[in-house]
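Atoms considered below: every heavy atom in the structure, side chains included; atoms not considered: hydrogens, waters and symmetry mates. The chain is numbered in sequence order, starting from 1.
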Amino acid sequence: MSKMRAIEAAVLVMRREGVDTAFGIPGAAINPLYSALQKVGGIDHVLARHVEGASHMAEGYTRTKAGNIGVCIGTSGPAGTDMVTGLYSASADSIPILCITGQAPRARLHKEDFQAVDITSIVKPVTKWATTVLEPGQVPYAFQKAFYEMRSGRPGPVLIDLPFDVQMAEIEFDIDAYQPLPLAKPAATRLQAEKVLALLDQAERPLLVAGGGVINADASELLVEFAELTGIPVIPTLMGWGTIPDDHPQMVGMVGLQTSHRYGNATLLKSDTVLGIGNRWANRHTGSVDVYTEGRKFIHVDIEPTQIGRVFTPDLGIVSDAGSALTVLLEVAREWQTAGKLKDRSAWLHDCQQRKASLHRKTHFDNVPVKPQRVYEEMNQVFGKDTCYVSTIGLSQIAGAQFLHVYKPRHWINCGQAGPLGWTIPAALGVVKADPNRQVVALSGDYDFQFMIEELAVGAQFNLPYIHVVVNNSYLGLIRQAQRGFDMDYCVQLSFDNLNAPELNGYGVDHVAVAEGLGCKALRVFEPKDIQPALRQAQEMLQTFKVPVVVEIILERVTNISMGTEINAVNEFEDLALVGNDAPTAISLLDCCLLYTSDAADDSLR
C-alpha cells in the first residue's frame, strides 16, 4: 500500500482506465488535480479558452475512436455550470465524457462560499451519474464507478465534484491492485435473432435503419456484412451516417425532414418492414409517427430498455448492444443462407438504386453571391473519402448532410440531438487531438462559427490543424427560414457595415481578421470559381503552418434549404437535378437514363 493524496489516486485510476488526454481550465478549487497531473504525468492537457469549449473538445475526442473517453476539467462554480451544455450534448447522443469539477471545502458547502454551487443537482438530468465525493477514501472508487457507468449499457457522461480538502487529504491506495470493473451490456439471444429473421422473411421490401448505436458499438463492419448477406438495403440515421459507405450499393439514402435525401425518403415510404438497430426514431428522422409507420412493420433493437416503445410501439422489441445483436443475427442468417432460406432481395434493391440514381437536388449554380449548394459540390470535388466532417446545427449542417458524402464510421462527427451553436470549433479540435493524422474538415454557418470562435486560439497554441469551411450569409439562416411560417424576418440579421472591413459590403464580422488575430490562417471567397482553389490552398497551408485554416465563403443572403414537416411533404425550394451536370458530385447520378420523370418522383413520395 502507498500513501498519497486522494487526487493522485484519481489520476492513477484515470491512467489505468486508458485516459491520456484531458481538456480544461485550471482554477483555485481544482489546482490540487493539476498538481497531481503534473506530478504523476502521463495525461496530456489542452488548455481551452472556455470551459464549455473544453467539454465539447472532450466530446469530439470521445467520438473519434472506439474506446476513447474525453475528460473535461474545471474549477468550482461557473466552471461546472459552463459544462452543462457539453453534458447535455453528450447525454443526448449517448457519448461518454468525464467532467471533473473542484468544489469548496466540505465545511463551507452550506455557507454560500465563493463559487460553491450544488453542481451535482444541476447536472443530474443530463448525466448518467453525478456525485460530490465527501470522503477522501472514496475518491479512487468514485472514478472506478464513473468509468463503469460511462461504458456500461447506454453510454453517457458523468460528473465528479471534488471538494478542495477531499482532494488534498492523504489516503492509502495501491494502483497495482486496481482493476477496471467488468461492463454490463445486454446481448440479444439466438431465439430473438430467429424472430427477427422470421419477420424480415415475411417482408417484400425490408430496410435496415442503422443508428448511432452501431457506431458506439464499433459494429459498422458487422452491419455491412449483415446487409450484404441478407440483401437488405440500409438507411443510416444522421448519427449513424458512415456505418455504410455512401457509395455502397446497399446504402439507399438518409431519411428525415431536413438532413435527408430525396431518394432516402422515397425508399422508406415504399418499404413494408423496418429493422432499426441502435437508433431512437428521432423526430427529425421520422416526422409524424403516423406517416412514418403507416403500412409497415417495425423491429427495434436498442441497448437502452426505455427506448423501446418510447416513440412508437414496435412489432418486435429487443434490448441489446448493437454489436451483440448483429453478431447473433449474422450467425442465424449464415445458417439460413446455407439452407437456402434467405430471400432474394435483388429486385427490391434494384428499385432502391433506381431512386438513388435519379432523385437528386441541383448543386451546380454559377450565381454570385454563391448559392450554398455549390459549396458542397466543390467540397466533394476536393475532399476525398478519408475526410472526416464535423458540424453542428443550422442550414449549413442540413445542406451538408444533403450534399456531402461520408464513407467511414466516425467520419461524420455531429451533435445530433442537442445542436448547440458553437460546438463545431471545439469538437473539431478534440477530433484532431484524438487522431492527428485524420483529415478533418469542419462546417459552420457564420453564427455557429462566432459562438465559440475564441477556441481557434487553442488550435493555434497546440498545433491542432484542420480546415474550417464557414458559409456566411450574415443571417441566422435556419431561424429566418422557420420564421417564414410567421410571415416575419425578425431579429435574425447579422449584417452591418463593418467600418474596418468595407470590402465585406455589409456582411458584418470580419472572420478572416478574427481568425488571424487568434493565430490561425484564413481565406475568403466571393465567387464559385474560386472555391476549389481556396480549398486546395487551405490544404497546403495546413501542412505548412500546422494551425486551423478558415475558408470563408460569402453566400447569397437568402437561400431556403429543402425541408418539411413530413417525410412525404418535403418542400423543394430550389431547382432539382435533371441531368448529370446539375449535380456532378451526386452519388450514382445516371445522366444517360434518368429513371423517374418528375411525376414518377412525386408518386414515389406519396
### Message
Can you tell me how the ring of His261 sits relative to the ring of Trp241, calling it parallel under 30°, perpendicular over 60° and tilted otherwise?
### Response
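If you compare the ring of His261 with that of Trp241, the planes turn out perpendicular.
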
### Task
Could you label the plane-to-plane angle of the Trp281 and Phe312 rings as parallel, tilted or perpendicular, counting under 30° as parallel and over 60° as perpendicular?
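Trp281 vs Phe312 ring planes: tilted.
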
### Task
Give the C-alpha distance, both sets of side-chain angles, the deciding distance and a yes or no for side-chain contact (heavy atoms from CB on, under 4.5 Å) between Asp435 and Val440.
CA-CA 9 Å; Asp435 188 358; Val440 176; over 6 Å; no

Return the [atom1] to [atom2] distance between [X] and [Y], rounded to the nearest 0.5 Å.
X: Glu378; Y: Phe383; atom1: CD; atom2: CZ; result: 10.5 Å
X: Ile69; Y: Asp20; atom1: CD1; atom2: CG; result: 11.5 Å
X: Leu197; Y: Glu194; atom1: CG; atom2: CD; result: 8.0 Å
X: Met239; Y: Ser94; atom1: CE; atom2: OG; result: 8.0 Å
X: Ile413; Y: Arg438; atom1: CD1; atom2: CZ; result: 6.0 Å
X: Leu223; Y: Thr243; atom1: CG; atom2: OG1; result: 5.0 Å

### Query
Got a salt bridge between Lys385 and Asp247, using NZ or NE/NH1/NH2 to carboxylate O under 4.0 Å?
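Salt bridge flag = yes for Asp247 with Lys385.
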
### Query
Should Asp201 and Lys343 count as an ion pair when the cut-off is N to O under 4.0 Å?
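Lys343 and Asp201: not salt-bridged.
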
Where the side chain of [X] meets the backbone of [Y], is there a donor-acceptor pair that is under 3.5 Å apart?
X: Asp448; Y: Gly422; answer: yes
X: Asp315; Y: Phe298; answer: yes
X: Ser91; Y: Tyr88; answer: no
X: Ser324; Y: Ala187; answer: no
X: Asp582; Y: Val579; answer: yes
X: Asn414; Y: Leu238; answer: no
X: His411; Y: Pro409; answer: yes
X: Arg310; Y: Pro305; answer: no
X: Gln402; Y: Gln258; answer: yes
X: Thr189; Y: Gln192; answer: yes

Just wondering, do [Y] and [X] contact through their side chains at under 4.5 Å, heavy atoms?
X: Glu225; Y: Arg334; result: yes
X: Tyr61; Y: Ile97; result: no
X: Ile308; Y: Pro314; result: yes
X: Arg63; Y: Val431; result: no
X: Ile299; Y: Leu200; result: yes
X: Gln202; Y: Thr273; result: no
X: Leu208; Y: Gln250; result: no
X: His468; Y: Thr424; result: yes

### Message
Working note: Val301 + Leu329, criterion side-chain contact (heavy atoms from CB on, under 4.5 Å); need CA distance, chi angles, decisive distance, verdict.
### Response
CA-CA 11 Å; Val301 179; Leu329 284 168; 5.6 Å; no

Given [options], the one that forms side chain to side chain contact (heavy atoms under 4.5 Å, CB included) with [X]:
X: Leu404; options: Val441, Leu443, Thr387; answer: Leu443
X: Thr267; options: Arg262, Gln353, Arg355, Gln354; answer: Arg355
X: Met563; options: Asn571, Ile398, Leu257; answer: Ile398

### Within 6.0 Å of CD in Glu228, more than 12 heavy atoms from elsewhere
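Yes.
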
### Enclosure of Lys145 NZ (heavy-atom neighbours >12, cutoff 6.0 Å)
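Counting other residues, nucleotides and ligands, NZ of Lys145 exceeds 12 neighbours.
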
### Query
So, Tyr148 and Glu17: side-chain donor and acceptor under 3.5 Å apart, yes or no?
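The criterion, which ignores hydrogens and geometry beyond distance, is not satisfied for Glu17 and Tyr148.
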
### Message
Show, in sequence, the C-alpha distance, side-chain angles and deciding distance for Arg361 and Glu574, and conclude whether the salt bridge (Lys or Arg N to Asp or Glu O under 4.0 Å) test is met.
### Response
CA-CA 8 Å; Arg361 299 174 175 114; Glu574 299 285 346; over 6 Å; no

Smallest separation among heavy atoms of [X] and [Y], with atom names:
X: Val13; Y: Tyr178; answer: CG1-OH, 3.3 Å
X: Ala130; Y: Lys124; answer: O-CE, 4.0 Å
X: Pro125; Y: Ser121; answer: CD-O, 4.0 Å
X: Asp302; Y: Asn279; answer: OD1-O, 3.2 Å
X: Gln307; Y: Arg154; answer: NE2-NH1, 3.1 Å
X: Cys99; Y: Met83; answer: CB-SD, 3.6 Å

### Task
Decide side chain to side chain donor-acceptor pair (under 3.5 Å) for Glu566 and Ser288; before the verdict, give the C-alpha distance in whole Å, the side-chain angles of both, and the deciding distance to 0.1 Å.
CA-CA 6 Å; Glu566 298 286 1; Ser288 76; 2.8 Å; yes

### Query
Run the side-chain contact (heavy atoms from CB on, under 4.5 Å) check on Trp423 and Ile393 step by step: do they pass?
CA-CA 9 Å; Trp423 189 89; Ile393 193 64; over 6 Å; no

### Task
In sequence, state the C-alpha distance, the side-chain angles, and the governing distance for Tyr407 and His248, and then conclude on ring-ring contact (aromatic ring centres under 6.0 Å, His included).
CA-CA 9 Å; Tyr407 300 93; His248 192 286; over 10 Å; no

### Given Glu52, Glu59, His56, the one that forms side-chain hydrogen bond (donor to acceptor under 3.5 Å, both in side chains) with Ser89
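One option only clears the test, and that one is Glu59.
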
### Task
Could you go through the side-chain contact (heavy atoms from CB on, under 4.5 Å) check for Met251 and Val234 one step at a time?
CA-CA 5 Å; Met251 196 290 196; Val234 179; 5.6 Å; no

